[in-house]
Amino acid sequence: MSHIQIAIDGPSGSGKSSLSRRVAAKMGIVYVDTGALYRTIGYYARGCGISLAEIDKVVGVLDDIHIEVKFENGGQSVYLNGENLGDKIRENEISMYASAVAKVPAVRAFLLDVQKDIANTNSVIMDGRDIGTVILPNADVKIFMSASIEARARRRCAELEEKGMPASYEEILSDIIARDKQDSEREIAPAVAAPDAIHFDNSERGFEESLEALIKLIEDTLASKNISL
Ligand code: DC
């Protein structure tokens, strides 16, 4: 049986990760959070003292980075040189670092095989910014998720608060605006919807309602292609 590939793209706070995680559990497939990989490189770059203004210097330290992704306890863990970074990569400052390193072609090339290998060996729902366009261009289902900028900032705020890393709504809102611009206007693999992606806006829906709608969308799309799990 071949592996199922579900690609979920969209900006920060659109609900990609929390919804994808639940879809994966329901369908018995693996949830892959690719943003965590860029966050890991961003975390390493910051640790090397590389500033956002000179982020291209990250190319010089890529050889020192070994990333391993493990699926354990029903979730994904990213190991950086043997250390499980856990929530250290979730800090607000790391979001900007992740977005900055993600513009660097050598970083994207570095992470390409890691992502493709996971999809070649598992049925996946993979979320990110270029999954439907670059990583899994032949995905069985492609969804571009969005929500209003205010709804997204509110969700990010709640998420950081819950993780014990609170940041102000204003700071998060301005970071989201800066990140959206940087991610969607970069030259390589810009964060845009694949031409064949289904658009899914969940600004007005609560979580459970969004989840139900998303599962139905995925099931209907797979059924229309005669694909079963
Ligand atoms: O999904 P996230 O917010 O954790 O992602 C952090 C940053 O990583 C995001 O601002 C852009 C970058 N990213 C990317 O360029 N491509 C991906 N597939 C995933 C994330």
Side-chain angles (χ1 to χ4, degrees), residues 5-21 31-46 52 55 58 65 67 69 75-78 80 85-119 124-137 139 142-147 149 151-160 162-163 165 167 171-194 197:
Q5 298 182 341
I6 303 172
I8 312 276
D9 289 300
S12 161
S14 55
K16 299 185 305 295
S17 54
S18 39
L19 289 167
S20 300
R21 191 172 293 118
Y31 163 57
V32 188
D33 165 11
T34 63
L37 303 174
Y38 293 89
R39 287 174 178 274
T40 300
I41 306 237
Y43 177 87
Y44 190 81
R46 186 182 67 173
L52 287 171
I55 204 66
V58 71
I65 300 179
I67 289 189
V69 181
Q76 164 185 312
S77 303
V78 182
L80 167 66
L85 293 180
D87 277 347
K88 287 183 190 166
I89 56 170
R90 300 292 155 195
E91 203 189 304
N92 201 39
E93 194 187 22
I94 297 297
S95 302
M96 289 308 285
Y97 264 92
S99 175
V101 298
K103 285 185 304 187
V104 180
V107 169
R108 303 203 78 85
F110 181 82
L111 293 176
L112 189 76
D113 288 345
V114 181
Q115 297 169 82
K116 289 203 177 227
D117 283 353
I118 296 172
V124 294
I125 178 163
M126 188 177 271
D127 84 14
R129 303 296 189 288
D130 63 341
I131 309 305
T133 50
V134 177
I135 306 295
L136 306 176
K142 293 185 188 179
I143 291 172
F144 191 81
M145 208 173 272
S146 55
I149 202 141
R152 291 164 46 209
R154 276 198 305 274
R155 281 183 199 145
R156 278 285 295 153
C157 246
E159 189 188 322
L160 286 173
E162 195 188 300
K163 290 192 155 65
M165 297 181 272
E171 186 190 346
I172 289 176
L173 186 67
S174 74
D175 281 1
I176 280 186
I177 293 169
R179 219 148 50 97
D180 279 1
K181 185 168 160 53
Q182 177 156 265
D183 293 345
S184 60
E185 293 179 359
R186 68 184 173 218
E187 279 174 31
I188 179 163
V192 294

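When reading the values below, keep in mind they use all heavy atoms of this one structure, side chains included, and skip hydrogens, waters and symmetry mates. Numbering of ligands and ligand atoms starts at 1, following listing order.
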Is it the case that the side chains of Ser95 and Arg39 hold a donor-acceptor pair, with the cut-off being a distance below 3.5 Å and no angle test? yes
Nearest neighbour in protein (non-hydrogen) for atom 12 (C) of ligand 1: Ala102 CB, 3.7 Å
Region of Arg108 that comes within reach of ligand 1 [heavy atoms, distance under 4.0 Å]: side chain
Counting only heavy atoms closer than 4.0 Å, does ligand 1 sit against the backbone of Arg186, its side chain, both, or neither? side chain
Quick one: look up the protein heavy atom nearest atom 19 (C) of ligand 1 and list residue, atom name and how far away it is. Thr34 OG1, 3.4 Å
Tell me which protein heavy atom sits closest to atom 4 (O) of ligand 1, plus the residue, atom name and distance to 0.1 Å. Arg39 NE, 2.6 Å
Heavy atom under 4.0 Å from ligand 1: found in Arg179's side chain, backbone, both, or neither? side chain
I'd like to check which ligand 1 atoms, numbered from 1 as shown, lie under 4.0 Å from a non-hydrogen atom of Gly128. 17 (C), 18 (N), 19 (C)
Is a salt bridge present between Asp130 and Arg108, judged by a nitrogen-to-oxygen distance below 4.0 Å? yes
Test your reading of the structure: does Asp33 have an N or O sitting under 3.5 Å from an N or O of ligand 1? no
Which residue supplies the protein heavy atom nearest to atom 7 (C) of ligand 1, what is that atom called, and how far is it? Ala98 CB, 3.6 Å
Between CD1 of Ile131 and CG of Asp9, what distance do you get to the nearest 0.5 Å? 5.5 Å
Which residue owns the protein heavy atom closest to atom 8 (O) of ligand 1, what's the atom, and how far is it? Tyr38 CB, 3.5 Å
For residues Tyr31 and Ser17, determine if any side-chain heavy atom of one lies less than 4.5 Å from a side-chain heavy atom of the other. yes
How close does the nearest protein non-hydrogen atom get to atom 11 (C) of ligand 1, and which residue and atom is it? Asp183 OD2, 3.3 Å
Any Arg179 side-chain heavy atom under 4.5 Å of Asp175 side chain: no
Any non-hydrogen side-chain atom of Asp127 less than 4.5 Å from a side-chain atom of Leu19? no
CG of Leu173 to CZ of Arg154, rounded to nearest 0.5 Å, is 10.5 Å
Within-4.5 Å side-chain heavy-atom neighbours: Glu159 and Lys163: yes
Please examine the side chains of Thr34 and Ile135, heavy atoms only from C-beta on, and report whether any two atoms are closer than 4.5 Å. no
Ser12-ligand 1 polar pair, N/O distance under 3.5 Å: no
of all protein heavy atoms, closest to atom 1 (O) of ligand 1 is Arg129 NH1, 2.9 Å
